Amino acid sequence: MKKIMFARDFLMYSVKGGVKFYVWLLFLGFFIMLWGFGNFQQLTKGMIVTGLNDQTTWGLYVANFVFLVGVAASAVTVVFPSYIYNYKPLKDVAVIGELVAIAAIIMSTLFITNHIGRPDRAWHFSPGIGIFNWPDAILTWDMIVLNVYLVLNFICAFYFLYKKYSRGKINKWFYMPLIYISIFWAVSIHTVTAFMLNTMATRPMWFHSIVPIKFIASAFAAGPAFIILAFIIIRKNTKLIISDAAINKMSEIMTYALGITLFLSFSEIVTELYPGTEHSYSLKYLMFGMHGLTQLVPWFWASVIINVTAFIVLLIPAARKNYALLFYLSALIFAGIWIEKGIGFILSGMVPTPIGEFVEYTPSIIEIFNCLGNWAIGLFIFTLLVKGAAGVLTGEIKHDALNVSNQP
Amino acid sequence: MDRREFMKSIGITGAAALLSNPDELEAKTTWAEHFQKAFRLMTDDEKDQAIKRLEERYSEEHGREVKVGKEPAMDGVLFGQALNIQKCIGCRRCVHSCVKENNQSRHDPQGNATEIEWIRVVKMEKGNFSAEDRDHGHPFKKGEEYGISEGGHAHNNVGVVLEGEHYYEPKKVPEKDSFYFPIQCHQCENPPCVKVCPVKATYREADGVVVIDYNWCIGCRMCMGACPYWARRFNWGEPNIPKDDLNTDTHYLGNRPRMKGVVEKCHFCLQRTRKGRYPACVEACPVGARKFGNLLDPESEVRKVLERKRVFRLKADLNTFPKFFYYMD
């Protein structure tokens, strides 16, 4: 009974807000409408409505998927300091990190659904009624780790919120093991996603042992960037108190991770370009263009400029404490890593083809609608989750045994 | 929930769909096909039912009677093919006969389907060297007075360098400065595509042919990412096969018409070879560059080639162990 009331109160609170709140949701709703149109087109006509082809079989959908798995993994940058170092300022709002993970996993699932040609046959990989090619296919590992991670974060976040709501005591023997597992698990999801790509010996751009660690490093820059944005927006617009110390810790993590990412990118470039074998063609195509095809070149250099500049500015402690500046820097880093990982790493890995053909891929408008829509759905869910969570954390919604109908 | 229960619940949904659909027979067929098992796991009865469903659907869709076979691999047979790159003249007759034999999607002027060709013939340059570049160093390198570090002929291709030029359209083949290198599925003994498939829709059959169960494929294209030979094609739209060009003699794991959203590729013409015939490409080659046969039979053409000619496998460093060989006399 208490649980149903929690669900009801959480839901009711999460959909109530001011004008700004509804304008934001309507804004997202617009893109969700485009998403509906795009998905209808793709499901009825087939994937021919995308810009993909036999040469470039993976495109924006996979790029966004990989990036978002990273964002999901980065929930650990909040959870780890909170529970391993018992860092109080973050511990108070650690649940927001878990909500980021939930929203990001939902988005990555949407992207994969858009990516596969026969989503109607998704039941083929359910163990029992289908064939689950585990442990051979790394995609099956990825499905396992992502689904378990979603469940772990869902339980951790809502158990915590429910206890706050009902003013119960957290059962450490239940809760802490889940937290420890989720920390380990967060690293595993991005590692396995990296393995899915870098075990393809025929794609030299991906066939690198640096990929998993670079994925994690860049995710721990992009994820905290998103969390900082969320923290700043949340404390401006809700009554939830998020301390400066929490934001400072996140910006510190983001700076270190960004530095490591840049170092790893640099190592990769030197390793590939110095010997200049055929295996460096994807990277050369990405950095300078090849055979007159230069579509990705501006993206690559934009991400270099963004990430390097942001890193240098972030090294100045005063800049990190200037939250107006930090807000923009975080947005830039989020975009910079998205370009680096999605556009740069995924798209260039498809060029040239294994038989040496250079084909440039341009996403279609339908593909872009679907991508924007997937992001909008994720942000919509995230907004509601955070709104509800803020209500619980500030004590605005709580279980009242005497007065059952307590509404804010 | 076990399989039976699941199918039952599906049945209920299916029935609901039937009620709203005027064409009951068609709806029934579609639902049953939609929820059938992987071909390899079907009992003989289920296979026959699945094939009957398909034959009915294909015949209705294409307006011609289509036969779907299920011949299993023959005992004591392991298929292999060898291609003589010295003889190939780049005429692409193998490509066109393959397209026709295997019901590949043709160019669609309306843009609802892509053109699919399983064999691609890559043009290789014989290459040239000029006196001009003899004494040139790399244009961006300084200090060449101490000796050239990268010569002016670097990055000029000669011979087997995969540059993916498969769009050549000369008036006459062979062209003077080129030779040709057809590429198709290599039927690897250690196929990277099979390993990465999350649902085992693609697998190696007993006669060594890597097949795809088109009704089981989910279209994730992991296999296309993993294939080193760019042998796999995806049905981006609903395939476009003109009625008159349809080959009605098909095989479940071979050349039966595919649907949108699934992967396809060369399967050594299962529908022919399992009945003792040559693949279409071998039959069509005007210069006899393609040799096909049973790798377990010392008297077969392909074994004779392996014995007597200079044979190599493409991208041998990847340990895929193809059963498609290239050779020279």
Side-chain angles (χ1 to χ4, degrees), chain A residues 42-59 61-62 112 115-126 128-134 136-143 196-197 199-203 206-207 276 278 291 349-350 352-359, chain B residues 1-3 6-7 34-35 37-38 40-41 108 111-114 116 120 122 161-167 181 183 192 194-201 215-222 224-238 259-263 315 317-320:
Chain A
Q42 191 176 314
L43 286 174
T44 48
K45 289 189 183 153
M47 296 207 67
I48 197 151
V49 298
T50 68
L52 296 163
N53 50 46
D54 284 322
Q55 283 86 355
T56 317
T57 56
W58 295 8
Y61 295 146
V62 175
I112 276 303
H115 170 75
I116 66 175
R118 303 292 307 206
D120 56 314
R121 294 183 184 169
W123 64 275
H124 286 191
F125 49 65
S126 24
I129 52 170
I131 302 174
F132 196 60
N133 190 12
W134 185 86
D136 258 16
I138 299 196
L139 191 57
T140 57
W141 286 83
D142 216 26
M143 284 179 218
M196 206 169 73
L197 298 161
T199 50
M200 290 190 172
T202 195
R203 309 261 169 200
W206 299 343
F207 189 39
E278 269 189 45
H291 300 289
M350 286 273 141
T353 67
I355 65 161
E357 185 183 357
F358 281 79
V359 172
Chain B
M1 189 159 39
D2 69 12
R3 209 188 120 75
F6 176 78
M7 296 316 273
H34 203 89
F35 288 99
K37 278 196 241 176
R40 224 163 32 128
L41 301 183
D108 177 19
N112 294 325
T114 47
I116 293 178
R120 293 304 302 188
V122 178
V161 176
L162 288 176
E163 278 231 299
E165 205 324 44
H166 53 85
Y167 301 102
F181 197 86
I183 302 180
V194 168
K195 206 176 195 172
V196 299
C197 177
V199 294
K200 279 238 162 193
N215 272 71
W216 195 252
C217 172
I218 60 167
C220 69
R221 309 194 288 293
M222 282 295 288
M224 296 180 82
C227 175
Y229 305 105
W230 195 55
R232 289 174 167 257
R233 298 291 179 274
F234 187 70
N235 286 283
W236 298 99
E238 196 67 60
M259 55 291 276
K260 71 167 188 269
V262 303
V263 174
K315 298 198 188 184
D317 58 320
L318 296 178
N319 269 5
T320 50

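All values derive from a computational prediction rather than experimental measurement. In what follows, chains carry the letters A, B, and so on, assigned in the order in which the sequence lines appear, proteins first and then strands, with residues in each chain numbered from 1.
- Heavy-atom pairs under 4.5 Å with chain B were tallied for A:T50, A:N53, A:T353; the largest tally goes to A:N53.
- Interface remark: A:L52 contributes backbone and side-chain atoms alike to the contact with chain B (heavy atom separation under 4.5 Å).
- A:N133 contributes no side-chain N or O that, together with a main-chain N or O of B:V199, makes up a donor-acceptor pair within less than 3.5 Å.
- Interface remark: B:P198 contributes backbone and side-chain atoms alike to the contact with chain A (heavy atom separation under 4.5 Å).
- Heavy atoms of A:M200 lying under 4.5 Å from chain B belong exclusively to its side chain.
- Residues B:I183 and B:V122 form a side-chain contact, since some pair of their non-hydrogen atoms from C-beta on lies under 4.5 Å apart.
- Residue B:I218 touches chain A through both its backbone and its side chain, counting heavy-atom pairs closer than 4.5 Å.
- Comparing B:Y229, B:W236, B:W230 by how many heavy-atom pairs each has under 4.5 Å with chain A, the most go to B:W236.
- Heavy atoms closer than 4.5 Å to chain A are found in the side chain of B:Y167, but not in its backbone.
- Listed for the A:R121 side chain is a donor-acceptor partner under 3.5 Å among the backbone atoms of B:C217.
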Worked check of side-chain hydrogen bond (donor to acceptor under 3.5 Å, both in side chains) between B:R221 and A:H115
CA-CA 9 Å; B:R221 309 194 288 293; A:H115 170 75; 3.2 Å; yes
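- Proximity to chain B (any heavy atom under 4.5 Å) is restricted, for A:M143, to the side chain, taken from C-beta onward.
- Ring geometry for B:W216 versus A:W123: interplanar angle over 60°, hence perpendicular rather than tilted (30 to 60°).
- Among B:V194, B:V196, B:T114, the residue with the largest count of heavy-atom pairs under 4.5 Å with chain A is B:V196.
- Looking at B:A113, only its backbone comes within 4.5 Å of chain A, counting heavy atoms on both sides.
- Contact check for B:M222 versus A:W58: side-chain heavy atoms found under the 4.5 Å cut-off.
- With a 4.5 Å cut-off on non-hydrogen atoms, B:V263 does not touch chain A at all.
- A donor-acceptor pair is defined here as one N or O able to donate and one able to accept, closer than 3.5 Å; such a pair exists between the side chain of A:T140 and the backbone of A:A137.
- Contact annotation for A:T44: only backbone heavy atoms (N, CA, C, O) come within less than 4.5 Å of a heavy atom of chain B.
- A:R203 contributes no side-chain N or O that, together with a main-chain N or O of A:L197, makes up a donor-acceptor pair within less than 3.5 Å.
- Side-chain contact between B:K37 and A:H124 is absent, with no heavy-atom pair separated by less than 4.5 Å.
- The contact between A:D120 and chain B is made by backbone and side chain atoms together, counting heavy-atom distances below 4.5 Å.
- Note on B:C220, B:G237, B:C227, B:P192: by heavy-atom pairs under 4.5 Å with chain A, the leading option is B:C220.
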